[in-house]
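A, B, ... follow the sequence lines: proteins, then strands. Residue 1 opens every chain.
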Amino acid sequence: MPETLRQLLASESAVTSITARGWVRTRRDSKACSFLEITDGSCFKGLQVVVDAALPCAELMPRILTGASIEVDGDLVASPAAGQKWELQAREVRLLGEADATYPLQKKGHTPEFLRTISHLRPRTNLFGNVFRVRSRMSFAIHRFFQEQGFFHVHTPVITSSDCEGAGELFRVTTLKQGSNAKPEEDFFGRPTYLTVSGQLQGETFACALGNIYTFGPTFRAENSNTARHAAEFWMIEPEMAFYDLAADMTLAEANVRYLVKAMLEECPEELEFFNKFVDKDLTARLQHTLTKPFERISYTEAVDLLLKSGRSFEHPVVWGEGLQTEHERYIAEEHVKGPVTIYNYPKAIKPFYMRQNDDGKTVAAMDLLVPGIGEIIGGSQREERLDVLRAAMEHHGLSEADYQWYVDLRRYGSVPHAGYGMGFERLLMFVTGVSNIRDVIPFARTPGHAPY
RNA sequence: UCCUGAGUAGCUCAGCGGUAGAGCGGGUGGCUGUUAACCACUAGGUCGUAGGUUCGAACCCUACCUCAGGAGCCA
């Protein structure tokens with residue numbers, strides 16, 4: 001198999017007769033030789049290739065512009081100049097694919113907004129190469145976190161007929177022709193179907209069989225949200241645990257965030273250094289702070305009190321029974337706690353039917369984990385396991401039991417206390433990279449009016 | 001969806017009523033074990049689209065489109 005630059009650059013000593021491949025970042029010519037910097041995506045660093053002007057292949061140089069792909073045979077030698085440990089003294093250069101002057105990626109910096117318009121080329125840039133290498137490592141770390149604790153990965157359906165109530169607008173999935181008068185019964189599945197907004201309800205069925213499970217997959221929301229924190233298609237991690245109460249749920253959520261922050265610090269040092277230098281100068285300090293400082297927990301009622309006593313004038317009034325606004329959450333996470341904080345026991349009126357009612361009759365065992373800069377990164381709850389209470393909640397929310405019969409069955413047959421949460425994968429990536437727009441941590445972002453690939 | 005702001009060369013931007021500019025990128029030449037190299041010359045534009053005001057519009061007005069930031073909703 002061809003060696004990657006990551007492997008070549010890790011060499012302990014000079015090596016004769018190697019072959020390197022990659023895309024040209026820049027070419028600098030001198031009278032005696034040309035310097036090419038190539039990258040192949042395997043790591044942040046590139047390899048400097050030195051091509052002696054006397055070599056026959058030197059006549060290729062005018063055609064080797066930024067973006068071209070090349071293959072080089074030569075010797076890996078210690079670089080006599082500052083800037084790199086190793087360089088490749090070329091013997092033969094083959095131009096695999098030319099890139100002409102219209103290649104959009106220049107040696108100078110580009111705005112993320114421009115790079116979003118060329119999502120097929122932006123992974124070749126420093127910023128996006130780093131983002132997507134981190135995305136892959138974080139994805140693996142998530143599986144590790146759960147698998148190390150004996151959780152089972154469950155593949156919940158992408159197409160579903162159940163609306164995880166309260167989770168937002170749905171994308172319809174149909175094979176019926178547009179404008180058709182056909183009834184839903186005549187559609188492919190014989191009923192209306194949608195892209196999933198959450199695997200939670202199906203996840204609960206597996207938690208009530210395998211114990212501790214998690215899902216990690218794409219979810220879809222047809223909300224007309226135009227913000228830096230929302231996408232119509234995003235990835236979500238949803239663990240669901242039998243015999244967990246809300247406190248255990250919060251403990252796992254905190255451990256989950258910490259584990260991933262630690263993975264970022266330990267497994268992505270090159271990328272972290274780049275983000276800290278060019279994206280967010282406080283990133284490394286904030287991530288380290290996240291590991292050392294215990295996460296705080298504040299009940300919703302305490303949160304409302306501290307907001308009222310803060311002396312701050314908020315644009316939206318602080319009222320017990322209403323949802324916390326972005327400005328309220330930001331104040332709590334960024335100014336009051338100055339770190340990650342979990343807010344729990346929300347008013348039952350503003351939360352979905354499946355959350356467990358607390359004994360006060362006014363709140364449910366729900367929790368949101370907020371991080372500075374991003375806001376809500378995790379939302380979860382203990383689920384209502386009592387058959388009669390769940391039925392009453394469904395009736396109150398105007399849901400028919402017939403539509404959720406399988407879900408209610410979990411409470412009818414061997415019901416157990418259980419809890420879970422959902423973590424937005426992209427929001428986690430924003431937190432660990434410092435990248436401020438969700439569109440820049442997804443390979444191909446889907447937002448309202450935008451799905452060009 | 002609402003509020004605010006922005007659309008000028010391939011990219012980043014300046015120009016804000018009177019002949020369309022710079023840097024980078026491209027081309028040509030020079031110089032140099034170079035490091036987003038450097039120096040000189042050069043090519044490159046229906047100023048987002050459509051109307052309007054004006055002797056004259058990139059600039060002022062209207063509508064629309066697109067993008068960004070903030071808000072709502074949420075992960």
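For A:Ala81, the side-chain atoms get nearest to B:U35 when compared with the rest of B:G27, B:A71, B:U35. In the set B:G69, B:C11, B:G33, the nucleotide with an atom closest to the side chain of A:Gln89 is B:G33. Listed nucleotides: B:A68, B:A75, B:G33. Nearest to the side chain of A:Ile438: B:A75. Nearest to the side chain of A:Glu223, among B:U32, B:C73, B:A36, sits B:C73. Closest to the A:Leu65 side chain, of the nucleotides B:U12, B:A36, B:G26, is B:G26. Considering only side-chain atoms of A:Asn437, the nucleotide from B:U32, B:G69, B:A75 that sits closest is B:G69. Comparing B:A36, B:U1, B:C11 by their closest approach to the side chain of A:Asn224 singles out B:U1. Closest contact between the side chain of A:Val50 and the listed nucleotides B:G33, B:G69, B:C74 involves B:G33.
As judged by a 4.0 angstrom heavy-atom cut-off over every strand, A:Leu428 is placed among residues making no nucleic acid contact. Within 4.0 Å (heavy atoms only), A:Ala32 reaches no atom of the nucleic acid at all. Here A:Leu105 lies out of heavy-atom contact (under 4.0 Å) with every strand. As judged by a 4.0 angstrom heavy-atom cut-off over every strand, A:Thr66 is placed among residues making no nucleic acid contact. Residue A:Arg25 is out of contact with every strand shown, counting any heavy-atom pair closer than 4.0 Å. Using a 4.0 Å heavy-atom distance criterion, A:His230 is classed as a base contact. Residue contacts for A:Met423: at a heavy-atom cut-off of 4.0 Å it reaches no nucleic acid atom on any strand shown.
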Test side-chain hydrogen bond (donor to acceptor under 3.5 Å, both in side chains) on A:Trp320 and A:Thr301 and set out the steps. CA-CA 7 Å; A:Trp320 198 101; A:Thr301 302; 3.0 Å; yes
After noting the C-alpha distance and the side-chain angles of A:Trp23 and A:Ile38, does the key distance pass the side-chain contact (heavy atoms from CB on, under 4.5 Å) rule? CA-CA 5 Å; A:Trp23 292 272; A:Ile38 61 172; over 6 Å; no
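Within 6.0 Å of the NE2 atom in A:His396, the count of heavy atoms belonging to other residues, nucleotides or ligands does not exceed 12.
Between A:His328 and A:Phe314, the ring-plane angle classifies as perpendicular under the 30° and 60° cut-offs.
The gap from the P atom of B:C3 to that of B:A75 amounts to 27 Å, rounded to the nearest Å. For B:C16 and B:G26, the C1' atoms lie 30 Å apart once the distance is rounded to whole Å. Spacing between B:G18 and B:G70 at atom P, rounded to whole Å, works out to 36 Å. Nucleotides B:G69 and B:G23, compared at atom C1', are 27 Å apart to the nearest Å. For B:U1 and B:U42, the P atoms lie 50 Å apart once the distance is rounded to whole Å. Rounded to whole Å, the separation between the C1' atoms of B:U53 and B:A63 comes to 15 Å. A gap of 32 Å separates the C1' atoms of B:U32 and B:A14, to the nearest Å. Between the C1' atoms of B:A6 and B:C64, the separation comes to 16 Å (whole Å).
At a cut-off of 3.5 angstrom, the base of B:C67 holds no donor-acceptor pair with the side chain of A:Arg439. Taking only distance into account, the side chain of A:Glu87 meets the base of B:G33 through a donor-acceptor pair shorter than 3.5 Å. Residue A:Ser225 places a side-chain atom within donor-acceptor reach of the base of B:C73, judged by atom type and a 3.5 Å distance cut-off alone. Side-chain N/O atoms of A:Gln48 and base N/O atoms of B:U34 include a donor-acceptor pair closer than 3.5 Å. Side-chain N/O atoms of A:Asn226 and base N/O atoms of B:U1 include a donor-acceptor pair closer than 3.5 Å.
Taken to the nearest 0.5 Å, the OG1 atom of A:Thr125 stands 8.5 Å off from the NE2 atom of A:His110. Distance check, rounded to the nearest 0.5 Å: CE of A:Met236 to CD of A:Gln200 gives 8.5 Å.
An aromatic stack links A:Phe234 and the base of B:A75, using centre distance under 5.5 Å and interplanar angle under 30°.
Here B:U66 sits opposite B:A6 as a Watson-Crick or G-U wobble pair (both hydrogen-bonding atom distances under 3.5 Å). The partner of B:A40 is B:U28, judged by Watson-Crick or G-U wobble contacts that both fall below 3.5 Å. Pair assignment for B:A20: none, as no Watson-Crick or G-U wobble contacts are both less than 3.5 Å. The base-pairing partner of B:A71, taking Watson-Crick or G-U wobble contacts with both distances under 3.5 Å, is B:U1. Nucleotide B:C60 is matched to B:G52 when pairs are restricted to Watson-Crick or G-U wobble geometry with both distances under 3.5 angstrom.
An OP1 or OP2 oxygen of B:C73 is reached within less than 4.0 angstrom by no side-chain nitrogen or oxygen of A:Thr227. Put simply, A:Lys107 has no side-chain N or O that comes within less than 4.0 Å of OP1 or OP2 on B:C24.
Residues A:Pro80 and A:Gln106 both approach RNA chain B. Their nearest nucleotides, taken by heavy-atom distance, put A:Gln106 toward the 5′ side.
Atom NE2 of A:His450 is separated from atom P of B:C65 by 17 Å (rounded to the nearest Å). A straight line from CG of A:Leu115 to C1' of B:A68 spans 15 Å, rounded to a whole angstrom. We find that CZ of A:Arg28 is positioned 12 Å from P of B:G25, with the value rounded to whole Å. When rounded to the nearest whole Å, the span between NE2 of A:His110 and C1' of B:C13 equals 14 Å. Rounding to whole angstrom units, CG of residue A:Leu170 and C1' of B:A75 are separated by 15 Å. Taking atom CG on A:Asp29 and atom C1' on B:C39, their separation rounds to 15 Å, with Å as the unit. The nearest whole Å value for the distance from the CZ atom in A:Arg221 to the C1' atom in B:G72 is 16 Å. Rounded to a whole Å, the CD atom of A:Gln84 is 10 Å from the P atom of B:A36.
A salt bridge links A:Glu271 and A:Arg137; the closest N-O separation between the charged side-chain nitrogens and carboxylate oxygens is under 4.0 Å. Under 4.0 Å is where a charged nitrogen must lie from a carboxylate oxygen, and between A:Asp440 and A:Arg122 at least one such pair does.
Judged by a 6.0 Å distance limit and a 45° cone about the ring axis, A:Arg144 is positioned over the six-membered ring of A:Phe140.
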